[in-house]
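Below: the structure, in structure tokens.
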Amino acid sequence: MFRKPTFLVRIGALIVLAAAAVGALWLLRPAWPPADPEAVMQFITDGIKNCQAAQKLLPCYRAMAEDMLRQYALPEIFAAVERGERSPDILAGCHSLMHFTGQVAFLRSRNVSQSLSEGNPVCFAGYYHGVLEEYLTEKSADAEDPEVRAEVPNLCEPVKTQARKKYNECLHGLGHALMFLTEDGLPDSLALCDLLPTADEQGWCYSGVFMENSTSATNRDHPSPYLRPDEPLYPCTILNERYLPMCYTLQSFYFAEIEKYDWGKTAAWCMKVPERHRWGCFHAIGQTQVGFTQDETVMAENCALMPTDDGRTMCVRGAAGALFERYNNGLDRMLALCAVAGPRDAGACYRTFTDTLRMAGVSEADRQALCARIPDDLRPRCLDAKND
């Protein structure tokens with residue numbers, strides 16, 4: 001049985017207000033004019049700085065999220081975070097802050113569909129993670145509970161008709177949340193992901209499970225039992241084949257952590273991964289770049305350290321994809337990376353960009369303008385890319 005007090009200790013957050021009290025505060029919140037965007041930005045910047053310096057980091061973010069949602073509307077918060085993501089001060093804590101923002105937003109409405117529909121995937125979709133985590137926490141159930149098993153396949157339905165990016169990020173957040181439900185029970189979490197109807201949806205859910213296991217910010221105070229510093233390939237070594245592509249991909253995050261982000265040493269661990277799954281490991285090194293630096297030139301230089309041609313190409317492709325997922329102006333950021341990648345890798349980067357356009361939901365005019373910025377020989381393929 002899932003034990004709610006264990007979850008609260010795990011995230012280090014002190015729930016000061018009872019759930020009913022939080023709901024009452026939102027019923028009493030007056031309607032006021034839109035906030036000054038600069039004031040919202042300053043609140044978030046100062047708050048993240050203060051929390052980074054606080055002795056108890058996660059309780060600080062929880063309190064900050066509660067205060068922030070008393071003062072500002074969700075669209076105002078999302079807009080400010082999106083504007084400030086290039087700032088190191090905001091980048092340092094926005095994913096964790098968005099986790100707690102999602103949790104508090106759910107407590108406001110007590111409606112998971114409404115909370116998800118109000119969301120935004122800014123800062124690696126931390127908001128979606130938080131909504132789903134808080135919702136499943138309140139269920140106080142275990143992985144075998146029939147009600148939970150019936151709900152898992154439908155939890156992200158509220159955003160399925162929105163941009164595909166939002167739906168994918170919701171499924172990824174679901175994987176994180178299932179690890180909270182099962183108290184880091186990785187096999188149980190994966191089995192719940194298997195309840196989703198398609199392999200693609202299951203894969204996005206797996207990605208959240210494995211990311212939570214390896215390096216999620218919300219898990220740093222409670223190490224997973226499915227990590228072994230003396231056996232870095234574990235738990236991939238004990239799992240069913242269908243989980244291995246995503247497991248070895250996301251295990252790269254753990255390699256980077258234990259090697260203190262020395263990319264040469266991290267890549268050496270990728271070379272120990274079974275060859276059929278090695279490409280995903282290098283791809284994830286590229287993904288990690290987006291949280292490591294905001295400079296596309298540095299990302300390309302770090303990817304150039306990979307020991308094989310395919311490894312370098314996959315690293316650049318991973319960085320490009322993560323730029324799209326992280327930033328709402330991710331297509332522009334992808335083009336900036338492709339422009340500074342080496343000649344061989346640039347072509348793969350631009351092809352990744354073109355493939356991404358199919359799921360980006362951009363207008364025809366925007367697609368034409370974006371395609372105009374890529375090399376002539378790749379432009380026809382870009383212009384032919386139609387939205388999924």
Side-chain angles (χ1 to χ4, degrees), residues 1-2 125 129 132-133 136 141-156 167-216 218-219 222-258 266 269-288 310-311 314 317-318 321 325:
M1 178 63 70
F2 179 72
H129 302 181
L132 291 165
E133 287 161 3
L136 289 175
D142 61 29
E144 297 301 320
D145 186 286
E147 183 180 353
V148 169
R149 293 178 65 82
E151 284 190 293
V152 164
N154 303 312
L155 282 174
C156 289
Y167 183 56
N168 291 344
E169 288 290 3
C170 183
L171 293 170
H172 174 82
L174 176 61
H176 281 269
L178 293 175
M179 286 287 277
F180 279 72
L181 175 71
T182 63
E183 295 185 308
D184 289 324
L186 187 139
D188 287 342
S189 297
L190 294 173
L192 287 169
C193 289
D194 287 333
L195 298 174
L196 291 161
T198 70
D200 185 60
E201 290 166 313
Q202 291 165 5
W204 278 99
C205 185
Y206 298 161
S207 75
V209 170
F210 287 120
M211 186 176 288
E212 182 68 29
N213 189 66
S214 63
T215 192
S216 174
T218 60
N219 198 28
H222 190 284
S224 168
Y226 289 94
L227 290 176
R228 294 177 179 175
D230 59 342
E231 192 180 343
L233 298 182
Y234 179 86
C236 305
T237 51
I238 65 166
L239 294 176
N240 185 284
E241 178 69 25
R242 70 178 177 275
Y243 302 126
L244 297 188
M246 193 61 70
C247 184
Y248 281 118
T249 294
L250 275 297
Q251 199 70 3
S252 175
F253 291 178
Y254 184 56
F255 300 158
E257 181 180 333
I258 62 175
T266 302
W269 280 111
C270 288
M271 295 300 292
K272 298 179 185 295
V273 167
E275 187 173 1
R276 66 187 181 279
H277 301 304
R278 199 172 291 162
W279 67 269
C281 187
F282 289 116
H283 191 275
I285 290 179
Q287 291 177 275
T288 308
D310 288 344
M314 292 309 302
R317 290 184 62 184
E325 295 297 338

- Query: Are Y226 and C236 close enough that some pair of their side-chain heavy atoms sits under 4.5 Å apart?
  - Reply: no
- F282 versus R317: any side-chain heavy-atom pair under 4.5 Å? no
- In Å and rounded to the nearest 0.5 Å, what is the CD1 to CG distance from I238 to L233? 12.5 Å
- Item | E169 versus A125, closest heavy-atom pair with distance | OE1-CB, 3.3 Å
- Taking every heavy atom of T249 against every heavy atom of A284, the minimum-distance pair comes out as O-CB, 2.8 Å
- Message: Taking the side chain as everything from C-beta on, heavy atoms only, tell me whether Q287 gets closer than 4.5 Å to F253.
- Response: yes
- Check whether any side-chain heavy atom of L171 sits under 4.5 Å from a side-chain heavy atom of Y167, and report yes or no. yes
- Item | OH-OG1 distance between Y254 and T288, expressed to the nearest 0.5 angstrom | 14.5 Å
- Side chains of M211 and H172 in contact at under 4.5 Å (non-hydrogen atoms): yes
- Identify which one of L195, L196, D188 satisfies the side chain to side chain contact (heavy atoms under 4.5 Å, CB included) criterion when paired with L192. L195
- Can any side-chain N or O of S189 pair as donor or acceptor with the backbone N or O of L178 at less than 3.5 Å? yes
- Message: Could you tell me if the side chain of P235 sits less than 4.5 Å from the side chain of Q251, heavy atoms only?
- Response: yes
- With side chains defined as the heavy atoms from C-beta onward, is the minimum distance between V273 and W279 less than 4.5 Å? no
- Going from CD on E212 to CG on L250, what distance comes out if it is rounded to the nearest 0.5 angstrom? 11.0 Å
- Message: Rounded to the nearest 0.5 Å, what separates atom CZ in F255 from atom OG in S214?
- Response: 10.0 Å
- Closest contact, heavy atoms only, P225 versus Y234: O-CE2, 4.1 Å
- Task: With rounding to the nearest 0.5 Å, note down the distance linking OG in S207 to CG in N168.
- Result: 8.5 Å
- With under 30° as parallel and over 60° as perpendicular, where do the rings of Y206 and Y243 fit, or are they tilted in between? perpendicular
- Q202 and D194 have their tightest heavy-atom pair at NE2-O, 3.3 Å
- Between T266 and E257, is any pair of side-chain heavy atoms under 4.5 Å apart? no
- Message: For the CD atom on E241, are there more than 12 heavy atoms of other groups (residues, nucleotides or ligands in this structure) within a distance under 6.0 Å?
- Response: yes
- Message: I need the minimum non-hydrogen distance between L132 and C156, along with the two atoms involved.
- Response: CD1-SG, 4.5 Å
- Query: If you round to the nearest 0.5 Å, how far is CE of M179 from CG of L190?
  - Reply: 8.0 Å
- Is the side chain of N213 donor-acceptor paired with the backbone N or O of L186 at a distance under 3.5 Å, no angle test? no
- Item | Atom CH2 of W204: over 12 foreign heavy atoms under 6.0 Å | yes
